[in-house]
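Report on the structure given below.
Just the heavy atoms: all of them, side chains too, but no hydrogens, waters or symmetry mates, feed the values below. In this chain, numbering begins with 1 at the start of the sequence shown.
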Amino acid sequence: MEELLDGLLKQWVGGKGLGAWLLHERLPARVDPLGPENIIAFLTGPVNGTLIPGASRLACVFKSPLTGIWGESYCGGHLAPELKAAGFDAIAITGRADEPVLLVVEDGHAELRPARRLWGLDTFEAEDAIKEELGKDFQVACIGPAGERLVRFACICHARGRQFGRCGAGAVMGSKRLKALAVRGTGSVELARPERVEELTKELREKAREILGALTTYGTPGIMARTNATQTLPTRNWMEGSFPGYEQIGPKAMRSRLVVASKACRGCPVACGKLSEVREGPYAGCRVEGPEYETLFALGPLCYNSSLEAVAKLNELCDRLGLDTITAGNVLAFAMECFERGIIGPEDTGGLELRFGHHEVMVEAIQRIGRREGRLFNLLAEGVARAAKAIGKGAEEFAIHVKGLEPPGYDPRGLKGVALAYAVSARGACHLRHVAYRPNLTGQHPFRPGVEVDRLSYERQAEMVVELEDFYAAVDSMVLCRFLCLPTIGPILWPELAAIYSATTGLEARPEDLRALGARINDLVRAINVREGITRKHDTLPERFFKHPIAGQVVDRAAFERMLDEYYALRGWDEQGRPREVPA
């Protein structure tokens with residue numbers, strides 16, 4: 001155990017900021033992400049353990065086995081407040097155990113215990129077994145068979161439906177033979193100004209109920225209506241922008257046919273999580289939290305699958321195996337295009353007709369990928385970039401990724417701010433480090449009421465993306481949920497974020513102070529990636545986005561390069577995207 005210096009927390013706050021400092025200072029350059037030297041850290045922020053809405057998320061940082069660069073992921077539920085109550089701001093893990101282990105954290109103590117009995121269990125089974133042994137009041141984060149087999153996009157699962165999803169954190173845990181983390185705390189969180197925190201909590205809860213009603217009703221799938229209407233819904237492996245089967249798979253269909261209850265994180269009035277049950281057909285009996293929008297798009301339209309019940313089943317399989325659903329859907333869609341183009345055939349798939357829309361085949365393929373069964377599925381477990389390179393025969397043309405990370409559910413050809421944001425995002429194609437899709441889709445500036453945003457214009461997108469990235473770097477250091485900090489509507493935007501920071505820490509901060517903090521964090525993360533070999537040439541998009549139009553739109557290469565120049569200039573980076581000064 002190590003005592004954190006006050007100065008370190010003042011400078012980096014917690015969460016992402018503290019994690020960036022940790023990896024910059026203590027992770028050697030160019031280490032194997034699946035080697036014992038890699039660090040995986042779970043980090044809280046000053047709001048965790050309070051009842052402020054959105055304060056239930058836990059940060060996780062590591063070097064990504066999927067991309068080979070900065071990796072970060074976040075999980076809601078109950079882990080963060082439990083870890084805080086146990087007396088820990090962060091847990092950093094390095095090395096490799098000789099045998100499978102379980103890390104038990106309880107009230108100021110951390111202990112590794114043998115976990116051979118848990119190895120091979122899926123995430124639902126493992127969590128049940130751990131709680132049966134330790135007690136139901138323990139909160140568990142665990143890996144499934146995919147993490148154990150080092151699938152490069154394996155995730156870490158919590159509470160039967162919450163995940164540290166992107167970048168392969170589950171594979172890092174698997175490489176360390178760490179099956180799970182179990183946390184229990186009975187302590188309390190010390191706040192600088194508890195009365196002010198209570199006031200803010202009440203205000204924000206009321207605003208959240210008023211503003212976020214659509215999330216309460218439909219959850220995240222509600223946004224599919226807008227992406228489909230604007231032809232920015234990725235379909236058929238990014239060849240189309242709207243889905244003919246939308247009515248069968250959209251938010252209203254999901255609400256009427258699948259959803260049986262809502263679920264909230266600790267202290268949150270929004271309850272955006274949806275518990276679903278398949279009542280009839282071949283997947284009857286399937287129960288899952290979700291599908292979230294990203295899962296719905298990736299395992300639905302992207303694969304041309306219009307069976308909502310099949311998406312729910314695929315969601316459940318991914319959760320049990322421990323697979324990131326965004327990459328899983330992209331990998332399947334890539335393989336389907338390769339199959340239909342004759343680049344791979346039945347002899348490669350073990351006889352599976354891996355064609356678009358064949359959901360029965362998708363179910364089998366996901367299980368083979370999660371367990372690395374068969375040469376092709378073992379390759380697909382590497383992610384689209386590595387799989388395409390190994391397959392050859394022109395397959396790389398159909399492998400859609402940025403820096404090795406497959407994109408989420410917003411097509412950048414019709415969202416020019418998203419085009420830039422995907423290209424520069426530190427972890428690869430990402431929607432959460434900037435949330436630029438929302439102002440692009442709504443046409444409203446994220447922080448300036450009344451200022452319009454033209455999603456098809458290249459002008460002023462860079463300025464918006466920079467501010468969004470700085471805002472969310474501060475949010476992720478606090479650590480707060482995106483849905484309480486949505487562009488334009490909040491309810492937490494710069495003023496509220498500064499008020500929360502001041503009330504919890506006792507340190508006065510203005511919005512411009514937090515903006516500077518976010519910029520420093522983004523500089524530090526970029527410095528980590530530069531150390532790993534990232535340059536301007538990596539800040540780009542797949543050729544399909546530059547060449548293949550949807551609704552008459554491509555990403556114009558010259559205009560994109562101008563946006564990139566503007567972005568670097570606003571950041572104060574050189575022409576190769578290198579920070580001129582690395583924050584100490």
Margin query: Tell me if the CD atom of Q576 is crowded by more than 12 foreign heavy atoms within 6.0 Å.
Written below: yes
Checklist line | Lys/Arg-Asp/Glu bridge criterion (N-O < 4.0 Å) met for R515, E512 | finding: no
Checklist line | R448/E467 ion pair, N-O < 4.0 Å | finding: yes
Check: Applying ring pair (Phe, Tyr, Trp, His ring centres under 6.0 Å), which residue pairs with at least one partner in residues 221-257 are found, sequence neighbours left out?
Finding: W238-F545, F243-Y304
Notebook entry, point to check: In terms of heavy-atom contacts, does CZ of R460 have more than 12 from other residues, nucleotides or ligands at under 6.0 Å?
Noted result: no
Notebook entry, point to check: Are any of the side-chain nitrogens in E294 or R166 under 4.0 Å away from the carboxylate oxygens of its partner?
Noted result: no
Next item on the list: Flag the pair M336 / M362 as yes when at least one side-chain heavy-atom distance between them is below 4.5 Å, and no otherwise.
Entry: yes
Next item on the list: Could you tell me whether R162 and E289 make a salt bridge, using a distance below 4.0 angstrom between a side-chain N and a carboxylate O?
Entry: yes
Note to self: If the condition is salt bridge (Lys or Arg N to Asp or Glu O under 4.0 Å), which residues does E309 pass it with, not counting sequence neighbours?
What the structure shows: R257
Note to self: Do M464 and P439 have side chains that approach each other closer than 4.5 Å (heavy atoms only, starting at C-beta)?
What the structure shows: yes
Margin query: Quick one, N522 and R526 - any side-chain contact, counting heavy atoms below 4.5 Å?
Written below: no
Item checked: salt bridge (Lys or Arg N to Asp or Glu O under 4.0 Å) partners of R482, counting only residues at least two apart -> D476
Check: Who passes salt bridge (Lys or Arg N to Asp or Glu O under 4.0 Å) against K403, sequence neighbours left out?
Finding: D539
Note to self: Tell me if the CD atom of E581 is crowded by more than 12 foreign heavy atoms within 6.0 Å.
What the structure shows: no
Item checked: Nearest heavy-atom neighbours spanning C318 and A328 -> SG-CB, 4.1 Å
Check: At their closest point, which heavy atom of N330 faces which heavy atom of P407, and how far apart are they?
Finding: ND2-O, 3.1 Å
Next item on the list: Inspect the contact between R149 and E373 and indicate whether a charged nitrogen and a carboxylate oxygen are less than 4.0 angstrom apart.
Entry: no
Margin query: Between R152 and E382, does any side-chain N to carboxylate O distance fall below 4.0 Å?
Written below: yes
Next item on the list: State, to 0.1 Å, how close V530 and P579 come at their nearest heavy-atom pair, and which atoms those are.
Entry: CG2-CD, 4.2 Å
Notebook entry, point to check: Do we see a donor-acceptor contact under 3.5 Å between the side chains of D324 and Q163?
Noted result: no
Check: Do the side chains of V435 and Y472 get nearer than 4.5 Å, heavy atoms only?
Finding: yes
Check: Think R557 forms a cation-pi with F546, using NZ or CZ under 6.0 Å from the six-ring centre and within 45 degrees of its axis?
Finding: yes
Next item on the list: Apply the side-chain contact (heavy atoms from CB on, under 4.5 Å) test between Q444 and each candidate in I489, T488, V453; give the one that qualifies.
Entry: T488
Margin query: Less than 4.0 angstrom from a charged side-chain N to a carboxylate O is my criterion; do R341 and E397 meet it?
Written below: no
Checklist line | Carboxylate-amine/guanidinium contact D470 R571, below 4.0 Å | finding: yes
Next item on the list: Could you list the residues that satisfy ring-ring contact (aromatic ring centres under 6.0 Å, His included) with H359, not counting sequence neighbours?
Entry: Y283
Notebook entry, point to check: Would you say the side chain of C60 lies within less than 4.5 Å of the side chain of I40, judging by non-hydrogen atoms?
Noted result: yes
Checklist line | Within 6.0 angstrom of E561 CD, more than 12 heavy atoms from elsewhere | finding: yes
Check: Relative to the ring of Y437, is the ring of Y410 parallel (under 30°), tilted (30 to 60°) or perpendicular (over 60°)?
Finding: parallel
Check: Any side-chain heavy-atom pair from V475 and I492 closer than 4.5 angstrom?
Finding: no
Margin query: If you define the side chain from C-beta out and look only at heavy atoms, does anything of M254 sit under 4.5 Å from S276?
Written below: yes
Item checked: Sole candidate of E396, E337, E240 that passes salt bridge (charged side-chain N to carboxylate O under 4.0 Å, His left out) when paired with R544 -> E337
Item checked: Partner residues of P33 under the side-chain contact (heavy atoms from CB on, under 4.5 Å) criterion, sequence neighbours left out -> N38, K63, P65
